[in-house]
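Have a look at the structure below before the remarks.
Per chain, numbering begins at 1; letters A, B, ... match sequence-line order.
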Amino acid sequence: MFLKFKDEVSSALSNAVADAGFEIDDMALEESPHADIASSVAFKLAPKYRRSPKEICGEVYKNIKIPPDSLIDRAEMTAPYINFFVSRNFLNETILRVLLERDFFGNLQHTGKVILEHTSANPDGPLHIGHIRNSVIGDTLARILKRAGHDVEAQYYINDMGRQIAVVVWGLLNFKFDKTRKKDHAIAEVYINANRSLVDEKEHSPEVDAIIKKYETGDAETVTKFRDAIDTAMDGIKESLKRMNIHHDAFIWESQFVRSGEVNRIVERIKKLNRAMIKEGALMVDLKDTGIEKPLVIQRSDGTTLYTTRDLAYHEWKSSNCDSMIDILGADHKLISSQLKAVLRILGMKEPEIVIFEFVSLPEGSMSTRRGVFISADEVLDQVEKAAYEEVNKRRPDTDEEFKKKVAKMVGIGAVRYDIVRVSPEKATTFDWKEALDFEKQGAPFIQYSHARACSIIKNAQDEGIVYENFDTNLLVEEEEVALIKKLAIFENVIDSAAHELKPNIVAIYARELADAFNQFYRYVPVISAEPDFRAARLALVECSRIVLANALDTLGIEAPESM
RNA sequence: GGGCUCGUAGUAUAGUCCGGACAGUACAUGGGCCUCCGGAGCCUAUGACCCGGGUUCAAAUCCCGGCGAGCCCGCCA
């Protein structure tokens, strides 16, 4: 509805600009506290025609014609700005469309298949709070793109050929695997012990190298060992992901590209490039002309491949299966991903869009699975759910145990996801237990609470036998009602921007603003106690709010409780 | 040393790509609000664009130079 309004404004304005005898493509539409949409097009025209913005504004304004039955109510001039306002028709249509489209309200008609790769943590231990920033950003983006209409496939790329996995395999031969612990945590313990031992006793290092070689050549017994170790770690990782509502459609092992010969084919293609060179037996490509000074190594002098080489093959495979690719990567991958893109471009292949997120560190410094310095996602979730349980217990002492546990889970996971996704990915953050466990802040619980409130009103109405099949949306005229309806209407615009800009935090902010608008309505406009005609219209508005709050929460991967 | 990213009230952030109307919000700190649909709520006050230049009618936003923080610069991943 809002996008249509925006189109109407754009065409009314461009007609007016043309009729006034000016020429410009950009209508300079912007959000504004003074209007539903504002235009500063007069500023853009001023230098071109060497006249004052105010004069130009007046001439454009005179020529604005608003068609009948438009979603535009009127245009006002506050020179040099032109402000547009939505019509009653717009508000009424919004209510009807939300009620008609329900769960699908806000969905768009974008097309194309997208492969979105996220998380892809090495299977050498549990997910920690740095990894889940990747997971939450990735999973939320996948949900946004789905709503926007794309066919989305979320992939987890398993790095099974790296040295760290060989260390795990070697560790499992030499250290105790604690069966009483969650599998990924037990793997981490082995990994940490193995690393310590490899540092202390250098003579074991060749044993690990031998394991890597055997795996790369496909030695059956070694392959089984790797498979077992990785499956064990992945079982634990998958459990944590499931707990956070994070979904993957496919798990892709990097070794498959070596076994299938695709990596070799890439190497052969690169060898033929003019920019390829052999230095001390290793194959490299020169990327100076792309602004990257260091040559990129494609193949080691012993003939084995590197992570990047396999990643090239992975991306080639992905691009043949989709229209566009998105990779969610940590800030440490900035250079390597630009190298990857450069080589893909040189080979004439499709490039992925990369979403980089900055690091999550601990107050004492950066995390490391290898050194055992990290806070696991499981640990955070456990603590947050515990805190949430105490909160529910305090607020709803009369409810049963099952209810309290269910709500604690929804609130806890919601709080964690929301806290991660509300911040722009390019901001580095520091994890703080005190903040993570603080529910006083306006976050997911605030939005969930608003949803529960809406549900409660609807339930009370039903209990009293109030129905609202017939209602007149024209009765929704209070300031808070109009503001709320406008908020509902822009949901599709929010999805559109978030999908184009690949910014999940736009949806997070919107959800909070919508809850805000609903709470203001709730405070000032009585529903159940209103006169029957008003009551019916307002109940319809409450139902619309409930639906859009639920849709926004769903897009964020957060559950919407009916009661909490 | 070179490259990339970030720097907005006491704290955490939106806005920066694409320059425009009083820099939006939350927590914290003051004041208020339940005879009323759930107070995990609502209203209200205080308070910020790292520094210095430049471009522009207009700069948090663009350019140059500092300062500070993080990340990267391996035949690791």
Verify the distance criterion only: is there a donor paired with an acceptor across the side chains of [X] and [Y] at less than 3.5 Å?
{"X": "A/His451", "Y": "A/Gln448", "answer": "no"}
{"X": "A/Asp124", "Y": "A/Thr369", "answer": "no"}
{"X": "A/Asp327", "Y": "A/His315", "answer": "yes"}
{"X": "A/Thr308", "Y": "A/Gln339", "answer": "no"}
{"X": "A/Tyr314", "Y": "A/Gln155", "answer": "yes"}

Cation-pi geometry met for A/Arg133 and A/Phe357 (6.0 Å, 45°): no
Phosphate OP1/OP2 of [N]: any [X] side-chain N/O under 4.0 Å:
{"X": "A/Asn460", "N": "B/G38", "answer": "yes"}
{"X": "A/Ser456", "N": "B/G38", "answer": "yes"}
{"X": "A/Arg300", "N": "B/C76", "answer": "yes"}
{"X": "A/Arg422", "N": "B/U25", "answer": "no"}
{"X": "A/Ser424", "N": "B/A14", "answer": "yes"}
{"X": "A/Asn122", "N": "B/A77", "answer": "no"}
{"X": "A/Arg395", "N": "B/A40", "answer": "yes"}
{"X": "A/Tyr307", "N": "B/A77", "answer": "no"}

Base orientation of B/C34, syn vs anti, 90° cut from 0: syn
Rounded to whole Å, how long is the line connecting atom [atom1] of [X] with atom [atom2] of [N]?
{"X": "A/Lys288", "N": "B/G2", "atom1": "NZ", "atom2": "C1'", "answer": "14 Å"}
{"X": "A/Ile292", "N": "B/G2", "atom1": "CD1", "atom2": "P", "answer": "19 Å"}
{"X": "A/Leu296", "N": "B/C73", "atom1": "CG", "atom2": "C1'", "answer": "13 Å"}
{"X": "A/Leu306", "N": "B/C76", "atom1": "CG", "atom2": "P", "answer": "6 Å"}
{"X": "A/Asp463", "N": "B/C37", "atom1": "CG", "atom2": "P", "answer": "15 Å"}

Per-nucleotide protein contact string for nucleotides 3-11 of chain B (B base, S sugar-phosphate only, - none; heavy atom under 4.0 Å): -BSSS----
Canonical and wobble pairing (Watson-Crick, G-U, under 3.5 Å) of RNA chain B, dot-bracket with |: (((((((..((((......[...)))).(((((.......)))))....(((((..]....))))))))))))....
P gap between B/G52 and B/U61, integer Å: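 Roughly 13 Å separates the two P atoms.
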Nearest listed nucleotide, side chain of A/Ala331, among B/C75, B/A21, B/C71: B/C71
Residue A/Tyr522, side-chain atoms from C-beta onward, closest of B/G39, B/C42, B/A77: B/G39
Protein-nucleotides 43-46 of chain B N/O pairs under 3.5 Å:
residue : atom : partner  : partner atom : Å
B/C43   : OP1  : A/Gln520 : NE2          : 3.1

Ring geometry between A/His333 and A/Tyr307 (parallel below 30°, tilted from 30 to 60°, perpendicular above 60°):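 Rings of A/Tyr307 and A/His333: perpendicular, as their planes differ by over 60°.
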